[in-house]
**Q** 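Mind having a look at this structure? Questions to follow.
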Amino acid sequence: MKILLVEDDATTIDYIVKGFLEQGHNIETASDGHQGLLQATSSQYDLLILDRMLPQLDGLKLLAALRATGDQTPVLILSALAHVDERVKGLRAGGDDYMTKPFAFSELLVRAEKLMQRGQSAPVTTDLVVGGLKMELLTRNVTLDGQDLMLQPKEFQLLKYLMEHANQVISRTLLFEAVWDYHFDPRTNVIDVHIAKLRRKFEELGHGELIETVRGAGYRLRQRH
Amino acid sequence: MFSTLVTVIIGALLFVLYRQLIIEQQYQVTQYLESETQRYQHLARTVDRRSFAAQIRAADPQTALIAWRNSYDMVGALSFMPEDMPMLPQTRDFPILTGGPDKLHILTGGLVMTRYGPVLIATRTDNLATLIDKFISAAATAVMLTIILTLALGYLFSKAILRRLVQYNRLSEQIERGHYDTRLPLSWRQDEFDMLALQFNKVLDILENNLMAVRGATDNIAHDLRTPLSHIRIGLEELASKSTDEVSEDCAILTEELDHCLATFDAMLSLTRIEEGQQTLDLQKLSLAQLCTDLLEMADAVAESNGQTLSLSLLSDHIIHGDKYLLFQALYNLVDNAMKYSGQGARIDIIQSGPQVQICDNGPGIPDESKERVFERLVRLDPSRHLQGTGLGLSMVKAILSRHNAKINLTDNHPGLVVTIKF
């Protein structure tokens, strides 16, 4: 996948570039608005990661100019402007997702991959399989090593999201967004409680270690090798 | 400006009066001359020449001067007949010399043709002239006095206004220098200046309050952010001497601390935005019953893991206009607080009835004297602050609810707390 990062802060650039290269993505950078617009219009990218406060040309203006040319490349806005209003402004200007700084790379990666997949016609999946874990999306049957797991709706949704991103660290914010349509930082242990319940059901089948807590980051569903 | 206007008005009044006076006087003169004319014409027709002359000589020179040129001399009060006298009712002014104390007199008069020749009939108008002179000098004095008086009054008046403006200016400079407790003085007059001062003082009160709140908040932020920041600093210093397998665990702990700092910071900012009305609400029709159902759904698992019972009673639904996310955040915050502070095994009820939502618990409750204080920024009743939280939750709840014109009330549940929200 080919990504263009428009960002002016060197530390952030290094951090993001290193992360995406490790994941096997191809990433190019532009350090000001004009340069970014030039690159975005002159070659084809699968994703644009755009800072809002850029020298020469503001990120939202760049985005508006890009959209005016009919370019529908997915755009992820990355900004220090954290407020809901700013988020709405960014999405209205044509952004597809909005992340605030500071951020964890793991979350950026999940969001970026989600946006890049959108453009592709992925085959319709009816089953998710991660190691011995199997989820039938239509019947909502979940089995672990052939044994049935009885899950409540929220637990089902959480596990589905974790299975879709197996081996990736998923932040609480991402899980929260995936399960509830109320977007706010709850600063509560809602997610932890649901994960704990899910993990207990795994433990009953002897595989509690599959759901791993990553301190300071979130959760990860491990795939047994 | 004002004095000019007054002078002009008074001048105009005096002028009109003057005109009236002159017209009246001239009318009287004309009337008098008319009646004399008729008298002498009548005399000339009825008496002979000698009696006519006698009548003319007998006329009172104080009121009327009659002169008749006989064939050989002048009869009457005048020793000569002025030339070019018009025939009455046309008149002409002419001067005469007398031997009296006022030597020169002005007369008005004209000729009348009679059987015995032209008769001059005139009346003294210098009384009138003096009167007019006196009137003019009186009027001039009055106008002068008025001008002086209005100028003086205007000066004093504007001086008083200026003095207050200068005073206001001096006081606002004082405020500018940082004396925020300065207020403008009010007088007993209750005039426009007092209105201005009153309004200005009101604004100052609000600003001073806000300033105090911000100062208080910054002190609290400093405290709330300093503690985790200093933990992080210590942690980073220690990291250098840690063995490699400990590093990743320690980094994770530090990241969590940092995230907590950021959360406090974000909450602070968004609270300010909501309180100051900078955030626009995304208003939509909401069912309170639906909102409470979602609330139960999200909180249920948490209550269960705390060994608490969470129940929901929906009595009658109510539709409101509100920001779904903000209201949910506020309500969730209240339920979350109830779960956090009411302890293991507690019972928490969410009761929705029409426009009212109640969240009741049977935990330790909040003492009466602290019920208002919990809504203040960064106030946490738990002095050790050992439970995770930013101390902004209830301030946020209050700010969100007041943006929705809803009232929140804390009462005792004996034991426990009842939070009542009325939309």
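Just so it is clear: chains get the letters A, B, ... in the order the sequence lines come, proteins before strands, and each one is counted from 1. Note: hydrogens, waters and symmetry copies are ignored here, and every other heavy atom, side chains too, is used. Small disclaimer: the values here were computed from a predicted structure and weren't measured.
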**Q** Starting at CG of B/Asp259, measure out to CZ of A/Arg172 and round the result to the nearest 0.5 Å.
**A**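 Answer rounded to 0.5 Å: 9.5 Å.
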**Q** Would the number of heavy atoms belonging to other residues, nucleotides or ligands and lying under 6.0 Å from NZ of B/Lys324 be above 12?
**A**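 Counting other residues, nucleotides and ligands, NZ of B/Lys324 exceeds 12 neighbours.
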**Q** Take atom NZ in B/Lys371; do more than 12 heavy atoms of anything else shown fall under 6.0 Å from it?
**A** yes
**Q** Compare all side-chain heavy atoms of A/Trp180 with those of B/Asp294 and state whether any distance is below 4.5 angstrom.
**A**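 They are not in contact (no side-chain heavy atoms under 4.5 Å apart), so the answer is no.
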**Q** For B/Leu262 and A/Pro102, work out which heavy atoms get closest and say how close.
**A** CD1-CG, 3.0 Å
**Q** Do other residues, nucleotides or ligands put more than 12 heavy atoms under 6.0 Å from A/Lys18 NZ?
**A** no
**Q** Any idea which heavy atoms bring B/Ala301 and A/Val193 closest together, and the distance?
**A** O-CG1, 3.1 Å
**Q** Other residues, nucleotides and ligands only: do more than 12 of their heavy atoms fall within 6.0 Å of CZ on A/Arg222?
**A** no
**Q** First locate atom OG of B/Ser305, then atom NE2 of A/His194, and finally report the distance between them rounded to the nearest 0.5 Å.
**A** 9.5 Å
**Q** With a 6.0 Å cut-off (strictly less than), is the heavy-atom count around CZ of A/Arg215, excluding the residue itself, greater than 12?
**A**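 Check passes, neighbour count above 12.
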**Q** Non-hydrogen atoms of chain A under 4.5 Å away: do they reach the side chain of B/Glu304, the backbone, both or neither?
**A** side chain
